[in-house]
Structures are given as structure tokens and as C-alpha cells.
Q: 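My questions will all concern the structure given below.
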Amino acid sequence: MIRPPREENATLVLPTEHDPPAEVVAAWILRALSELPAPARLRAAVVAHELLTAARRRRSAPYVLRLATLDRRTLGVSVDDCDPEPDDGPNLVLVDGLSTRWGVERRRRARTTWAELAVESPRGQLSRPDQPSPRATRGGGRHAVTGPSDVD
């Protein structure tokens with residue numbers, strides 16, 4: 001996958017398999033994709049979720065999720081993890097069906113699994129939501145993210 005300039009990325013760092021919780025990650029992904037047309041936003045959200053789920057299933061933290069506008073009509077989604085072994089699990093079947101192309105870049109002690117998706121709108125902008133606080137909590141079925149103003 002061609003790497004775009006950093007200013008066109010929305011990046012989320014996930015330090016462990018469970019932090020932040022899946023619901024917080026899903027909300028972050030949807031905020032980052034909020035400027036895209038609904039069909040592209042939903043496809044990209046599913047692909048991001050599936051790539052991240054595959055990485056988290058391998059328990060190879062930390063993870064880095066990147067959403068990037070590669071050009072006016074292409075959105076890139078990638079997940080870095082610390083497991084260099086290939087993955088052909090069921091999650092990648094969905095990635096294969098929803099993306100125009102995808103692949104895996106292996107390095108000695110890590111890998112990047114990436115996908116590219118067509119975007120129907122030439123605007124194709126990404127929002128750059130803040131990184132969720134380590135104090136993102138689980139409680140009674142509700143999830144909260146504290147922002148910078150909530151930090152002591």
C-alpha cells in the first residue's frame with residue numbers, strides 16, 4: 001500500500017488486546033470516517049473492524065490502526081501488529097469482498113495488513129479524532145471516553 005502524507009492519516013494506537021474496548025474503537029472509526037458517503041463509510045468501518053479483530057485475535061499487541069486517503073477516490077485501511085506470521089482467517093474473507101485490493105507486508109517482528117477501498121465521492125476527507133484516553137471505561141454496559149479536559 002502506498003503511504004500517504006501523515007496529515008492525511010487518522011491513526012489510533014491500541015496498547016493491548018482489550019484497551020480501548022471494541023465499542024470505543026468502533027466509535028473512533030466512525031468519527032474518523034464521518035465525512036465519507038454512507039456506503040464507503042460502512043465498508044471502510046467493516047474492513048477496519050475485521051483487520052483489527054484479526055490482529056487482536058492473535059494477541060500480538062500493540063496495534064496501530066491507520067485510515068488514510070490515498071488519492072481522491074481511494075481510502076486505505078491498515079493495521080500494524082507484532083506477529084509476522086500470515087493470517088488467512090475468516091475475517092479476511094470479508095476484507096477481500098469489501099476492498100478493491102488488500103495484502104500483508106511482513107517484517108522480521110511485525111506485519112501490516114492493509115486494504116484499499118473505492119470512495120464514491122471526490123471529497124474523500126477523513127476526520128482525525130483524538131486518541132481515546134487510557135481511562136476509556138467499561139461499566140454497566142455503557143462505554144465512556146474521557147477527553148483531554150477530563151484528565152487530572
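When reading the values below, keep in mind they use all heavy atoms of this one structure, side chains included, and skip hydrogens, waters and symmetry mates.
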Q: Can you name the closest pair of heavy atoms from Val119 and Pro37 and give their distance?
A: CG1-CD, 4.4 Å
Q: How long is the span from the CD atom in Glu50 to the CG atom in Asp96, to the nearest 0.5 Å?
A: 12.5 Å
Q: Taking side-chain contact (heavy atoms from CB on, under 4.5 Å) as the test, write out the residues that go with Ala45, two or more places apart.
A: Ile29, Leu30, Leu33
Q: Take Thr74 and Thr69 through the test side chain to side chain contact (heavy atoms under 4.5 Å, CB included) and record every step on the way to the result.
A: CA-CA 6 Å; Thr74 307; Thr69 51; over 6 Å; no
Q: Would you say Arg66's side chain and Thr11's backbone share a donor-acceptor pair under 3.5 angstrom?
A: no
Q: Identify, with sequence neighbours excluded, every residue that meets side-chain contact (heavy atoms from CB on, under 4.5 Å) alongside Ala26.
A: none
Q: A side-chain contact here means heavy atoms from C-beta on lying under 4.5 Å apart; do Leu14 and Val64 qualify?
A: no
Q: Under a single-linkage definition using a 4.5 Å side-chain heavy-atom cutoff for Ile, Leu, Val, Met, Phe, Trp and Tyr, are Val95 and Val104 assigned to the same hydrophobic cluster?
A: yes
Q: Below 4.0 angstrom, N of the basic side chain to O of the carboxylate: do Asp81 and Arg56 qualify?
A: no
Q: CG of Leu70 to CG of Leu75: how many Å apart, nearest 0.5 Å?
A: 7.0 Å
Q: How far does CG of Leu52 sit from CG of Leu65, to the nearest 0.5 angstrom?
A: 6.0 Å
Q: Please name the pair of heavy atoms, one in Ala32 and one in Ala10, separated by the smallest distance, quoted to 0.1 Å.
A: CB-CB, 4.0 Å
Q: Hey, is Glu116 close enough to Arg101 for a salt bridge, meaning N to O under 4.0 Å?
A: yes
Q: What's the shortest heavy-atom distance between Tyr63 and Ala55, and which atoms?
A: CE2-O, 3.4 Å
Q: Measure from the side-chain N and O atoms of Thr16 to the backbone N and O of His18, and report whether any donor-acceptor pair falls under 3.5 Å.
A: yes
Q: Kindly compute the distance separating SG (Cys82) from CZ (Arg109), expressed to the nearest 0.5 Å.
A: 10.5 Å
Q: Mind listing the closest non-hydrogen atom pair of Ala44 and Val77 along with its distance?
A: O-CG2, 4.4 Å
Q: Kindly give the heavy-atom pair with the smallest separation between Glu105 and Arg107, and that separation in Å.
A: O-NH1, 3.5 Å
Q: How long is the gap from CH2 on Trp102 to CG on Leu94, to the nearest 0.5 Å?
A: 11.5 Å
Q: In chain order, what residues pass the salt bridge (charged side-chain N to carboxylate O under 4.0 Å, His left out) check against Arg43, with sequence neighbours excluded?
A: Glu120
Q: How far does CZ of Arg31 sit from CG of Leu67, to the nearest 0.5 angstrom?
A: 12.0 Å
